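Worksheet for the structure shown next.
Per chain, numbering begins at 1; letters A, B, ... match sequence-line order. Treat the numbers as computed from the prediction; the structure is a model and nothing was measured.
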Amino acid sequence: MSTAFDKLARPIQKWIREQDWRELRDIQARATHVLMDSDADLIVAASTAGGKTEAAFLPLLSQVFNDPSELSGFDILYVAPLKALITDQARRLDDVCRETELPVIPWHGDVPSSVKARALRHPRGVLLITPESLEALFIRRGLEIPRLFGATRAVILDELHSVLDSERGIQMRSLLARLEQSLNRPIRRVGLSATLGDMELAKAYLRPDNPENVETVIATSGSAELQLQLRGYVAGDKDDDAPSATDAISLHLFGHLRGSDNLVFAGARQTVEIYSDRLRTLCEKEHLPQEFYPHHASLSRDHRDFVERRLKDGNAPTTAICTSTLELGIDIGDVTCVGQIGAPFSVASLRQRLGRSGRRPGKPAILRQYVVEAKLTPTSNFSDRLRLGLVRATAMIELLLEGWCEPPQRGALHLSTLVHQILSVIAERGGVRAQQLYGMLCQKGPFRQVDTQLFLDVLRALGQPETALIEQADDGLLLLGAKGERLVEHYSFYAVFQTPEEYRLISGGKELGTLPIDNLITPGMLLIFSGRRWLILEVLDRDRIIMVSPAKAGVPPLFGGDPGNIHDRVIERMFDILESRHRPIYMDATALELLEEAQCQYAHLCFDPGRIAHLGDKAAVLATKTGSVRTTTLALALRASGFTIQTHDGLLEVFGNDETPPLIEALSAMASGKPLDLFGHSPNLLFEKFHPHLTEGLLQKDALSARLDPDGLAELSRSILR
DNA sequence: GACCTGCTGCGGCGTG
């Protein structure tokens with residue numbers, strides 16, 4: 001059998017020799033065999049900087065070189081979710097493509113229109129594009145799609161794990177299905193991904209009609225040693241002389257991270273600001289150069305570039321206190337240690353974060369997990385007593401060590417994204433029949449959970465006079481309505497996800513970043529932002545601008561956010577931990593004390609009968625022992641019966657009143673399958689960008705498909721009563 | 001109880 005290297009085209013071989021590579025990496029060789037010897041689709045799974053890009057591109061470019069297409073169009077299409085990733089990859093590909101004389105065209109909002117115009121005149125080579133820009137091509141140049149992509153032999157989807165079953169992922173799949181239908185032939189799909197929780201689901205995601213034909217190449221996990229510590233802290237009383245938990249963690253970070261490159265994930269932007277401020281102050285007090293910097297999406301591009309460059313250059317030690325901005329995508333080089341303040345929301349993201357450390361041979365990956373728990377008083381709530389943050393962080397670490405991570409969630413209807421794609425197809429084609437539209441999007445596209453009746457309901461909602469997004473011509477053709485025209489015309493249409501309104505923060509003519517408009521802001525107030533302290537001088541409401549100047553004190557702003565979704569398996573593990581006497585070796589003394597306390601308090605909660613603990617006359621705690629979706633469903637059902645509910649990880653705090661039935665009676669009714677109105681107290685159902693155009697009934701169906709599990713309610717109630 | 005991501009076409013003006 002010939003080696004993978006032998007199979008590649010001459011110019012590619014020449015390029016590889018020039019790189020001084022001793023040989024192709026394992027995943028590159030295996031991917032080359034699959035891509036050169038078969039027509040199978042492929043998923044390449046490896047960590048950042050694992051050589052995935054070359055694994056896909058070297059064989060595909062070889063094919064283009066050896067067997068050039070006679071048709072017009074780009075030879076290879078590459079779709080990535082970040083502009084920075086496209087810029088990065090274009091630079092890397094330029095070299096190798098010069099050998100094959102193929103142009104490399106980066107295409108996103110910041111690419112000059114002259115570059116785009118030239119590529120449109122002579123489409124060939126490699127097109128690197130975002131889902132939004134591809135969407136724009138369909139809408140603005142629908143008739144030219146065959147000319148632009150006639151020659152395309154493969155599409156590479158980068159960061160596949162980050163878009164599985166998300167709004168953008170569904171959009172991307174819809175665009176690919178539409179592309180194949182325009183060309184009347186399939187295009188080979190190659191997905192690049194970090195390690196995935198469930199490879200079978202990923203295959204079905206990449207090629208829904210033929211998952212058996214998807215091959216996988218998975219990197220044998222980097223055998224880097226893992227060093228791990230979980231440190232517990234108790235938030236002290238205000239009048240306590242001891243340093244606060246925040247100060248104690250800052251001091252620990254200061255002492256252990258100084259002098260090297262590190263990432264500290266602080267969860268929320270507000271927390272990032274608090275820790276950045278403390279660490280900057282510590283450096284100033286010790287008269288040391290600054291090396292701790294905040295990094296999150298509300299900070300100016302300038303500041304973020306500065307932090308990313310400092311990390312990548314490796315010239316000066318740099319620790320970024322950050323949110324998930326530094327979790328995926330662009331390569332910032334290897335870091336010594338990954339810090340995590342507070343429990344993360346998913347094992348998948350914890351794994352992705354840890355993958356940033358220990359990449360050099362012989363260097364361990366280091367995870368420092370910090371958890372803050374409240375000081376208990378006689379009136380402390382049971383959720384504080386159970387130390388849920390500590391227990392969740394522990395459960396996540398244990399699952400990480402076992403190699404598990406969350407699979408993509410399936411079954412969601414994605415009606416908001418469906419509305420977007422309906423409008424997009426009509427714009428692309430000028431007009432389309434309902435039957436044809438259904439075939440394109442729901443039968444051949446990604447909206448397979450949507451049946452004809454539901455589809456017609458969506459069309460009807462969009463066609464209502466007050467919505468006026470679409471209308472039907474006399475011959476039955478669906479056209480854009482007056483409001484639909486306006487919506488699609490504006491460039492803000494291309495993205496399928498929602499973005500909040502914000503103020504721009506300006507000091508001395510320089511932009512610091514942005515702040516959500518729901519902050520209560522008036523001149524004279526003090527603010528912590530970008531790791532520094534500011535005085536608000538002026539608020540220009542109409543221009544959405546806040547003018548500030550440096551100050552000596554300040555408080556961090558609020559950034560808002562959605563409640564997260566915790567997987568069933570994580571919550572199940574939390575209860576395993578609470579019900580055991582498990583003492584993990586990676587915990588410090590405080591964390592061990594807190595854990596022991598939690599296990600003891602759990603035993604004292606007296607779940608009897610079943611999983612109900614009565615706290616008082618009308619108050620009780622239910623252990624659902626399951627993730628956010630089912631726990632939220634039960635919470636809504638009980639609220640519909642008149643109870644007041646507080647939700648926690650796998651637990652519900654339930655308060656009755658004079659009107660409510662006994663809790664056991666309410667649960668028994670649910671256990672027997674009695675129909676319930678989950679939406680009785682009209683909870684907010686507007687989560688996604690195009691939700692405001694749908695009817696209440698459709699919004700409820702959408703929520704039921706993705707965020708709730710009504711079918712599991714009876715069984716959950718039975719298991720709680722048992 | 002959280003985070004992240006993206007964006008066209010054209011008119012107007014200056015310069016070679």
Side-chain angles (χ1 to χ4, degrees), chain A residues 79-87 107-117 120 129-142 158-159 161-163 166-172 175 265-273 294-299 301 304 321-330 340-346 348-350 352-353 383 388-389 392-393 417 420 424 427 486-500 502 514 516 558-566 570-571 627-628 631-632 635 646-651 653 687-689:
Chain A
V79 189
L82 300 177
K83 290 187 288 192
L85 206 51
I86 286 173
T87 310
W107 187 303
H108 55 66
D110 301 342
V111 171
S113 54
S114 56
V115 174
K116 296 176 179 171
L120 285 175
I129 197 167
T130 60
E132 287 74 19
S133 285
L134 187 57
E135 183 80 58
L137 278 181
F138 268 88
I139 290 174
R140 307 267 167 184
R141 307 190 176 267
D158 205 351
E159 304 278 352
H161 59 279
S162 73
V163 292
S166 71
E167 289 157 276
R168 279 178 105 193
I170 298 294
Q171 175 190 29
M172 204 160 79
L175 290 170
F265 292 93
R269 282 171 282 187
Q270 185 182 42
T271 321
V272 168
E273 290 293 347
H295 190 290
H296 58 72
S298 296
L299 297 176
R301 191 66 251 176
R304 290 160 72 187
I321 318 294
C322 59
T323 58
S324 49
T325 29
L326 289 180
E327 183 175 312
L328 63 97
I330 49 157
Q340 168 75 42
I341 301 176
F345 284 87
S346 76
S349 83
L350 183 61
Q352 182 84 8
R353 291 169 183 187
S383 65
L388 292 179
R392 190 167 94 212
T417 310
H420 182 261
S424 172
R486 244 175 296 142
L487 202 63
V488 173
E489 234 164 57
H490 198 263
Y491 64 82
S492 60
F493 176 74
Y494 307 126
V496 286
F497 53 87
Q498 180 102 275
T499 36
E502 292 174 321
T514 58
L558 289 169
F559 289 96
D562 302 322
N565 236 357
I566 312 279
V570 173
I571 305 287
S628 313
T631 301
T632 309
Q646 180 86 33
T647 52
H648 307 272
D649 286 356
L651 293 155
E653 206 172 353
F687 299 105
E688 295 178 17
K689 189 170 170 185

Please state how far atom CG in A/D649 lies from atom P in B/dA2, giving the value in whole angstrom units. 13 Å

Roughly, in whole Å, what's the span from CD1 in A/I341 to C1' in B/dC3? 15 Å

Whole Å only: how far is the CD atom of A/E135 from the C1' atom of B/dT5? 15 Å

For the backbone of A/E327 and the side chain of A/S324, can you confirm whether one donor and one acceptor N or O come within less than 3.5 Å of each other? no

Rounded to the nearest angstrom, tell me the gap between atom CZ in A/F687 and atom C1' in B/dC3. 17 Å

Integer-rounded Å distance: B/dC3 P and A/I321 CD1: 16 Å

Counting any heavy atom closer than 4.0 Å, what does A/R301 reach on the DNA or RNA strands: base, sugar-phosphate only, or nothing? nothing

Heavy-atom nearest nucleotide on DNA chain B taken for A/H648 and for A/H296; more 5' hit belongs to A/H648

Test your reading of the model: is there a side-chain donor-acceptor pair from A/T632 to the backbone of A/S628, 3.5 Å cut-off? yes

Proximity to the side chain of A/L82 - top-ranked nucleotide from B/dC4, B/dT5, B/dA2: B/dT5

Upstream residue (5' side of DNA chain B) when A/P131 and A/I566 are each assigned their closest nucleotide: A/I566

Nearest-Å distance, CZ (A/R304) to C1' (B/dT5)? 10 Å

Return no unless some side-chain N or O of A/T325 is found under 4.0 Å from OP1 or OP2 of B/dC3. no

Between A/Q352 (CD) and B/dC4 (C1'), how many Å, whole number? 12 Å

Is there ring stacking between A/F497 and B/dG6, where the centres must be under 5.5 angstrom apart and the planes under 30 degrees? no

A/A80: side chain to side chain contact (heavy atoms under 4.5 Å, CB included) partners, not counting sequence neighbours: A/Y78, A/L85, A/I86, A/D158

Excluding sequence neighbours, so at least two apart, what forms side chain to side chain contact (heavy atoms under 4.5 Å, CB included) with A/Q498? A/K689

Qualifying residues under side chain to side chain contact (heavy atoms under 4.5 Å, CB included), relative to A/Y494, sequence neighbours excluded: A/E132, A/E135, A/A136, A/I139, A/R140, A/Y491

Reading nucleotides 7-16 of chain B 5' to 3', which nucleotides get B (base under 4.0 Å from a protein heavy atom), which S (sugar-phosphate only), which -? BBS-------

Take the protein atom CZ of A/R353 and the nucleotide atom C1' of B/dA2, then report the distance between them rounded to whole Å. 9 Å

A/H295: which residues meet the side-chain hydrogen bond (donor to acceptor under 3.5 Å, both in side chains) condition with it, sequence neighbours left out? A/E308, A/T325

According to side chain to side chain contact (heavy atoms under 4.5 Å, CB included), who are the partners of A/S162, at least two apart in sequence or on a separate chain? A/P81, A/E159, A/L328

